[in-house]
Amino acid sequence: MSAALEKFCGSVFWNDSYLARPDADLPVCFQQTVLVWIPLGFFWILAPWQLLPMCKSRAKKSSVTKLYIIKQVLAALLVLTAVAGLALAFVDAEQGAVPAVQYTNPSLYIATWMMVLLVQDARRSCLRRDSGVLFCFWTLSLLCGILPFQSLVRRALQEPISDLPRFILFFISYGLQLLLFLVSGLQGTGLQQVSLDFSFFSMVFKGHRKPLEIEDVWELKDKDKTKALYTAFEKNMKTAMQKARAELEKRKRKKRCQEGDPDHGNSMSKAQSQDILVLEEKQPKKKKKKGDNENSGPPKDYPRGWLMKTLGKTFQQNLLLAVAFKVVHDALVFVSPQLLKLLIAFVSDEDAFAWQGYLYAILLFLTAVIQSLCLQQHFSLCFQLGINVRASLIAAIYKKSLTMSGATRKESTVGETVNLMSADAQRFMDLANFIHQLWSSPLQIILSIVFLWGELGPSVLAGIATLLLLLPINAFLVAKAKTIQVSRNMKNKDERMKIMTEILNGIKILKLFAWEPSFEKRVNEIRALELKNLVNFGYLQSVSVFAFTCAPFLVSLASFAVYVLVDENNILDAQKAFTAISLFNVLRFPMATLPMVISALVQTSVSTARLERYLSGEDLDTSAIHHNPIAGSAVRFSEATFAWEQDGNAAIRDVTLDITPGSLVAVVGAVGSGKSSLVSAMLGEMENIKGHINIQGSLAYVPQQAWIQNATLKDNIIFGSEVDEARYQQVLKACALLPDLKLLPAGDQTEIGEKGINLSGGQKQRVSLARAVYSDADIYILDDPLSAVDAHVGKYLFEHVLGPKGLLQNKTRILVTHSISFLPQVDNIVVLAAGAVSEHGSYSTLLANKGAFSQFLNLYGNQEEDVSEENTAGTGNTVGLWQLEWLLSKRSTSSQKKAQEEPPKKLKGQQLIEKEAVETGRVKFSMYLRYLRAVGWCFTFWIVMGYVGQYVAYVGSNLWLSDWTDDSVRYQNQSYPTQLRDLRIGVFGALGLSQAVFLLFATMLTARGAMQASRVMHQQLLSNILRAPMSFFDTTPVGRIINRFAKDIFTVDETIPMSFRSWISCFMAIISTLIVICLATPFFAVVIIPLSIFYYFVLRFYVSTSRQLRRLDSVTRSPIYSHFGETVSGLSVIRAYGHQERFLKQNEITMDINQKSVYSWIISNRWLAIRLEFVGSLVVFFSALLAVIAKGTLEGGIVGLSVSSALNVTQTLNWLVRSSSELETNIVAVERVHEYVTVKNEAPWVTKKRPPRGWPSRGEIQFIDYKVRYRPELDLVLQGITCNIGSTEKVGVVGRTGAGKSSLTNCLFRVLEAAGGKIIIDDMDIATIGLHDLRNNLTIIPQDPVLFTGTLRMNLDPFDQYSDEEVWKALELAHLKTYVQGLPERLLHHVSEAGENLSVGQRQLVCLARALLRKAKILILDEATAAVDLETDNLIQTTIRSAFADCTVLTIAHRLHTIMDSNRVMVLHAGQIVEFDSPEELLMKQGIFSAMAKDAGITAAETTALQAESCRGRL
C-alpha cells in the first residue's frame, strides 16, 4: 500500500524518524494524499443528497442575495485556483516527469468546487439557505489544511521557497476556503447551534435591552405546530389503542374463566355478563367516596401500555438522531482520560519533545469542544422532544374532553383534568429531557470499568463492589420516596386543588355566609398532610444524595487501598491515580443520573396510568340520536329510555313523542321530574338504555344556567358564526339587550369576565338566548331561559323571540318552563312526571282532560283567564308601557352616552379582566431574601456552613492524593514503608467520609427549612386570598388564581429547594476547582480574570432573555388552562352547537403561543451552553498548556490533579449558569405568590367594636343617602338611597335588569363598601363592625344556588354548630326531608362538584334549608325562585311566610306574584328609588309598578286576595 502511494507521490509516504526529532513534521506524501482525501471523501459521500431539492422541486427559488453572490464568486475563484494547479502540472510535465498526484489532486478539486457551486445553488430552493454538509466540509478541510500550512511556512522560513507558484496557490486556496467558512457561519448553518447563533444573538440582545414580548419570539415551523404533532400522534394512538383494547378483552375473559363461577357459566348472554362486570367495577367507586379503605374492591380496568408505544412511534426520528449524537459524545468522554495519562507521562519524562506536550494540550481542547457540540445538539433534540410530547398530550386531553361521555366525565372533576394537563403532561416533558440516559448511562459505566481495569487491574473490582452495594440502598430509597410522592402527595394535591377550585368558584357564597374560616381550615388540614409527606420525601432524598456523594469517593478509596495493599510492588503513581480519578469522575454522572431517570420513569408511569385511563375512557355514544329524514317530524322520540350512567336508574322512561317542524312545545313538570334530563337526552349527553331519538336539522341550545365565555359580548353572541351585522342588530333588539349595551362601559365590545361575572343573571340568560337566536339553527332547545329574567322582560322575550309572532316563529322550539302564563300560546304541552310523559296535547285539550295538569293549573292559575284576555286585547297597551319603560332607561343613559362619545380611547371600565402582570427585568434580590426569611435565617446559615465544610474536605482529600502519588517518585527504587502507606489510606478515607457527613447535615437541614418556607408562603397566600374583596375576584380569572395555588406553590414546595441545592454545590465545586488549578500553576490566576469576565457577560445577556422567556411561558400557559376549564364547563353548549372543531383550533392557537416561548427558551439554553462549555474547554486548555510550559518545575501528581479538576469543570460551569437561571426562574414563583399575598384586603372580619349578643334583635334597616359603585373608576350604581324598613316588615324589590337590585344586597353584606351615606341596622352602623359579625347575623338565599363538594351536612352547616335534629328540622321545612331520607347515606350523602348530582331546584331548596338553619333576624331573597317550578315556588313561599314570619324579609323578585303579598314594594330605577309603597297603593297609582304588574297579568283584586291568604298563612 505505502509503496504504491510513494510511487503515486514520488516521495516517502511514511517514516517514523520524521516525528522523532524536536522539529517534527509529516512527510509531504502523507500531506498530499491522506490530508486531502479525508475532507473530499466526506464531501462526496454527502454532497449528492444536497442536490435533491434541484431534482424534485419545481419550487421557486428564493431571490438572489448579496451573500449568495459572494459565496458563488468565492467558489468560482476556487475553481480557477484548481484549474491553475492543473495547468502548472502540464507546464512542469514539459520539463520532466511529474508525479501523478500533481494531476489527480487539482482534477479532484475542480470537480469538488463545481459541486460546491451546484450545492449552493440548490440550497436556494430550501427554507434553510445554508447546508450543514458544506459547513462541516469547510471545517474539516481547514483543519486538515493546518498541517501543510505550518510545514510550508516553516520550510519557507528555513530556506528559499523551491516551488513558488504552488506555494502561492495553496495559500490563496486556503484563504478562500477560510472566507467561505466564515460566510457560511454568518448565514447560519446546519449545526443549528451556529445557525441560531446570530439570529438568536439578536434576540438575546433585544431581551437584554428591553423586556421581550411574545411578538419578539420566533414563529414555530409548521412541523412543530400543535396541529401537525397531534395529527401524527392521533394516527398512532388509534392503532395502539385498538391493540390495547383487544388485550383488555383478553384480560377480562381470563379473569372470568379464573373466577369461573359454576352459577353464571353459560347461562347468561354476553350483554348480561358484561353488565355484571360493569356492576363489579362500579362498586369500589361508591365505597371510595366514603373514604373507607381505598383498596376495597379492584379499580376499574382500562387499556394499558399503549401510550409509551404511541409516543415512541410518533417521535422516532428525533429519538434516533439524539442517539447518534449521544454515542459520539460518549465515545469522546473516554478520550480525555487517555490524553491526560499521556500528558502526565510527558511531564514526568525528561526526554520528551515539547511538541508532544502542545499536541496533547490541543487535542484535549478539541476533544472538549466536539464533545460539547454533540452534547448540546443531543440536548436540543431531547428538549424539543419534551415540548412536542407535552403538546401532543395536552391536545389529546383537550380533544378527549370534548368527546367524553357523561359517565367518564363524572370520574374526574375539572380540577383533576386540569392537573392531567399541567402536572402529568409536564412529567413527560421532564422525562423526555433525560430519557436517553437509560441506555447511555449503562454504556458509560461499562466503558469506564473496562478502562479502569486497564489502569488498576483486578483491584477495580473492590470499587465496583462498593458501587453495587450502594445500588440497592438507593433503589430502596427511590421506591420509598415514590410511595410518598405518588400515592399520598398527588392525592393530597388533587384534593387541595379541588377544594381551592370550588372555593374560588363559590367565593361569593363563602363571603355572604362568612364561611371562609371553615374552608380555610379544610384546606390547611390537607396542606399539613402534604407538607408532612414533603419533609419525609426531603429526608429520603438527602439520604440518597449522601449515598451518592459517598459513592465516587468510596469507590476510589476502595480501589486504591486494595491496589496498594495487594502487592508490595504496586505503588500508586500520578498516571494511574489521576487517570483513574478522571474515569471515576466520568462514572459519577451516569451513576447519578441513572437512578434519577429511573425515578422519573417511575413517576411518569403513574402519570402514564392516569393519562391512559383518561384518554381511553368511553366516548359520548350518540348512536341513539338518529338524523334520518322523516317527513312532517322535526324531533321524534321512539320509546326513548335514557339514564345518566350506563347501569343507573333511568332518568327518562319510554318517552314516545313526535314534534312537528315549526311548532312551539312546552315541557312542564315538578322539580326533579326529568325536564332537564329530557333536554340532555336530545343533546346526546346521556346513556341510552333503549329506544332512540330522531332529530332533523341543526340544534341551538340555551342551558338553564347560562354559559358565558371570557370574551367580548359580541363574540359571545356571534359564537364563531359569520358576522351579519343586520341580523346581529335584529337579535340584540329582540333579546332586549340594547338597553343593557348602553349601560355597559364599551357597548358590545365590553369584555365579559370568566363565567359572565360582570353581567347580572338576567343579562347572562339573554346573552345566552341571543347566541342561540343568532346561530339560526333549525331546532331550538330552551331549558327554562325565562326563569332568570324579570316578568316583563320575560314577556317581551316571549313575544319577540319565542312566541307565535317572534323571530323564531318558523323554527321548531322546545321550551322547558315553569311559567304558566305562556302556556296558552304554545302549540303543544308535554307534562313530565318521574321521567315519563304523563300527558301531552294542546292547552285546551289538557284542560279538558281534567288530568294532573288541569288540577295544577286550577291551583295556581286563577289568573290565567285574565292573562289570555290580556294577551288578546291588551297588547297595544303593553307596548305603550314598554315604551315608557324604554324612555325612562334612555333618559338615564343618554347622559352617560354623551360622556362616552367624547373619548375615543379605550374606556376605563371596558376591560374587566386585567392582563396578567408579567414582571419584567431582574427578579428583585428581595425575593431571594423573602424566601430565605421564610426558611429562617438560622437554618440558612447552618445549611451554607455544611456545604462549605463539604468542599473544604473535598479539596483536602485531592491535595492529599496528589502528595500520595508523588511518593512513587520519592521511593523510586526502594521499598515503600508500610506505616506511611496506612497513614495515606487512613487520612484519605477520613477526609472523604467527612465530606459526606457535612453534606448529609446540609441536605437534612434544607429539607426542614424548605418545608418551613412552603408552609409560611401557602398560609399567607391562602389567608390573603380569602380576605380579598369581591372586586378582586371579578377582575381576576379563576384560572389565574388557581395557577398560583397549583404551579407556583408546587415550585415553592419542590423545585426551589432542589434549585438552591444544586446552585450552591455547583458554586462551591467551581471555586474549589479553580483553587486547585491555581495551587498547581499560579499563572492560571491570570487566565481566570478574562475568562470570568467573558463568563459574566454571557451570563448577564443570557439570563435576562431566558428569564423573560420563562415568564412568557408561565403567562402564556394560564390561558391554556383557563380555556380548558371554560370548555369543560360549557361542554354541552359547545357540543349542541357542534363547535368542537372551532374550540380545538382555539386550543391549538393557545398552545402554539406557549410552545413558541418554550421553544425559544430551549434554544437560548443551548446557545448559552455552547458558549459556557467553550469557557470550560479553555480552562482545560490553559491548565494543560501551562503544565507543558512549566514542565521542568512540576511534579506529575500536581499536574494530574490540576488537569483532571479542569476536565471536571466544563460541566459544572454549565450547570452553575443553568442552576442560577433555573433558580431565578423559579424564584419568580415566590414573586407571583407574593403579588397575591399583597392584594388589598376587604375590611377586617372582626373588629374591636362587636355587636351585642342577639343583634339584630328587631331587624330594622335604615338607608341614609347611600351611594355605591363597583370599582373606583366606574359610575355610581346606587345614587343616594334613603329609606326605612321596619321590624318584621316584608319588602319586595323590583326593577328592570341593571337597576341596582342585586347591588342592594351586596351593600347590606358589605360586599360593596359605601361611596357615601350609611346603612344602620338596629341602631348600629354596619360600617363600624367586622364583616363576619355582620354577615353571620344576616341570611341570604342567593340567586345561583352554589354547593360544595363534601357531605350534604357540610353544605348546610360547615362549622358543625347545629345538632342533627336542627338540621333535619330545617330539611323538613325546606321540603327536602323525604328526599334526603330516601338517600342511602342520608345527611352524609356526597354532593359532587358544584352540586351536579342534584337538580337546580333541589340545590335551591338546599340553599333555603341553609337559611332556615341560620334563622337570622333579616333574610334577603335574591331571585331565589328563578329556577323552580310553580309548585316548589309555592312551597318556598309558604315556608318563608311561616318560618320567617317574625323576621324582616327583603325579596328581590322577577315574578311579581312572589311579592304581591309584601307590606311594601320598592321600585328601583337606574340606582334610585322611584316608588316605595304598599302593592295596592302602587297599583292604583299609574306608575312603573302598575305597568309591570299589567305585563304579568296582575290586578288589584288579586293582590287583596293574596294578601288575605298570606295573613291567614301568618296567623
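- The shortest side-chain heavy-atom distance between Phe1348 and Ile503 does not fall under the 4.5 Å cut-off.
- When side chains are defined from C-beta on, Asp740 counts as touching Leu737, because their heavy atoms get closer than 4.5 Å.
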Next item on the list: Could you please spell out the steps behind the side-chain contact (heavy atoms from CB on, under 4.5 Å) verdict for Val1268 and Asn1306?
Entry: CA-CA 10 Å; Val1268 76; Asn1306 288 342; over 6 Å; no
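- Annotation: the span from Gln1381 atom CD to Leu1387 atom CG amounts to 9.5 Å, rounded to 0.5 Å.
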Margin query: With side-chain contact (heavy atoms from CB on, under 4.5 Å) as the criterion, how do Met1030 and Ile507 come out once you've worked through the C-alpha distance, each side chain's angles and the decisive distance to 0.1 Å?
Written below: CA-CA 8 Å; Met1030 252 339 272; Ile507 188 78; 4.0 Å; yes
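- The minimum heavy-atom distance linking Ser1490 with Lys1485 is given by the pair OG-O, 3.4 Å.
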Note to self: Under the criterion side-chain contact (heavy atoms from CB on, under 4.5 Å), I'd like the reasoning laid out for Glu1313 against Arg1310: C-alpha separation, chi angles, the key distance, then a yes or no.
What the structure shows: CA-CA 5 Å; Glu1313 294 288 1; Arg1310 280 178 60 200; 3.2 Å; yes
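- Residues Gln1279 and Lys1267 share a closest heavy-atom pair of C-CG, 4.3 Å.
- A salt bridge between Glu1242 and Arg1335 is present, with a side-chain N of the basic residue lying under 4.0 Å from a carboxylate O of the acidic one.
- Residues Phe1263 and Leu1278 are not in side-chain contact: their nearest non-hydrogen atoms beyond the backbone lie 4.5 Å or more apart.
- The shortest side-chain heavy-atom distance between Leu797 and Leu786 falls under the 4.5 Å cut-off.
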Item checked: Thr817 vs Leu823, side-chain contact (heavy atoms from CB on, under 4.5 Å): CA-CA, chis, key distance, verdict -> CA-CA 9 Å; Thr817 181; Leu823 296 181; 4.2 Å; yes
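- For the atom pair Phe513 CZ and Cys1407 SG, the distance stands at 6.5 Å (nearest 0.5 Å).
- The residue from Trp1245, Phe1359, Phe1309 that alone fulfils the ring-ring contact (aromatic ring centres under 6.0 Å, His included) condition with His1332 is Trp1245.
- Not a single donor-acceptor pair under 3.5 Å links the side chain of Arg1464 to the backbone N or O of Phe1476.
- Panel note: side chain Asn1284, backbone Gln1262; no donor-acceptor pair is recorded below 3.5 Å.
- When all heavy atoms are compared, the tightest approach of Glu1475 to Ile1488 is OE2-N, 2.9 Å.
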Side chains of residues 1250-1257: which donor-acceptor partners sit under 3.5 Å, not counting sequence neighbours?
unit_1  : atom_1 : unit_2  : atom_2 : d
Arg1250 : NE     : Asp1333 : OD2    : 3.1
Arg1250 : NH2    : Asp1333 : OD1    : 3.1
Trp1255 : NE1    : Ile1321 : O      : 3.2

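- No option in Ile1340, Ile1440, Thr1448 other than Ile1440 meets the side-chain contact (heavy atoms from CB on, under 4.5 Å) test with Leu1419.
- Looking at Ile1341 and Gln1404, their side chains come closer than 4.5 Å, going by heavy atoms from C-beta outward.
- Note that SG of Cys1307 and CD1 of Ile1326 are 8.0 Å apart. Values are rounded to the nearest 0.5 Å.
- When all heavy atoms of Asn1355 and Gly1350 are compared, the closest pair comes out as ND2-O, 4.4 Å.
- Side chain of Glu1366 to main chain of Ser1363: a donor-acceptor pair is present (N/O by atom type, distance under 3.5 Å, no hydrogens or angles).
- Side-chain contact annotation: Arg1414 with Asn1337, donor-acceptor N/O pair under 3.5 Å absent.
- Using a distance-only test at 3.5 Å, with no hydrogens or angles considered, no donor-acceptor pair links the side chain of Lys1417 to the main chain of Glu1260.
- With rounding to the nearest 0.5 Å, the separation of OG1 in Thr1439 from NE2 in His1375 is 3.0 Å.
- Residues Ile1418 and Leu1308 are not in side-chain contact: their nearest non-hydrogen atoms beyond the backbone lie 4.5 Å or more apart.
- Residue pairs meeting the side-chain hydrogen bond (donor to acceptor under 3.5 Å, both in side chains) criterion with at least one member in residues 1314-1327, sequence neighbours excluded: Arg1258-Asp1323.
- Taking the side chain as every heavy atom from C-beta outward, Leu1412 and Phe1444 approach each other to under 4.5 Å.
- One finds the CG atom of Leu1304 at 7.5 Å from the SG atom of Cys1283 (value rounded to the nearest 0.5 Å).
- A donor-acceptor pair under 3.5 Å is absent between the side-chain atoms of Lys795 and the main chain of Phe822, judged by distance alone.
- Across Leu759 and Val767, no two heavy atoms sit closer than the pair CD1-CG2, 4.1 Å.
- For the pair Leu1331 and Arg1027, the minimum side-chain heavy-atom distance is 4.5 Å or more.
- Thr1328 places no side-chain N or O within 3.5 Å of a backbone atom of Met1324 that could act as its donor or acceptor partner.
- How far OG of Ser1462 is from CD of Glu1289: 9.5 Å, rounded to the nearest 0.5 Å.
- When all heavy atoms of Asn1336 and Ala514 are compared, the closest pair comes out as OD1-CB, 3.7 Å.
- For Lys511 and Glu516, the salt-bridge test passes: some basic side-chain N is under 4.0 Å from an acidic carboxylate O.
- Considering Leu1356, Ile509, Leu1352, Val1391 in turn, Val1391 is the only one that fulfils the side-chain contact (heavy atoms from CB on, under 4.5 Å) rule with Leu1347.
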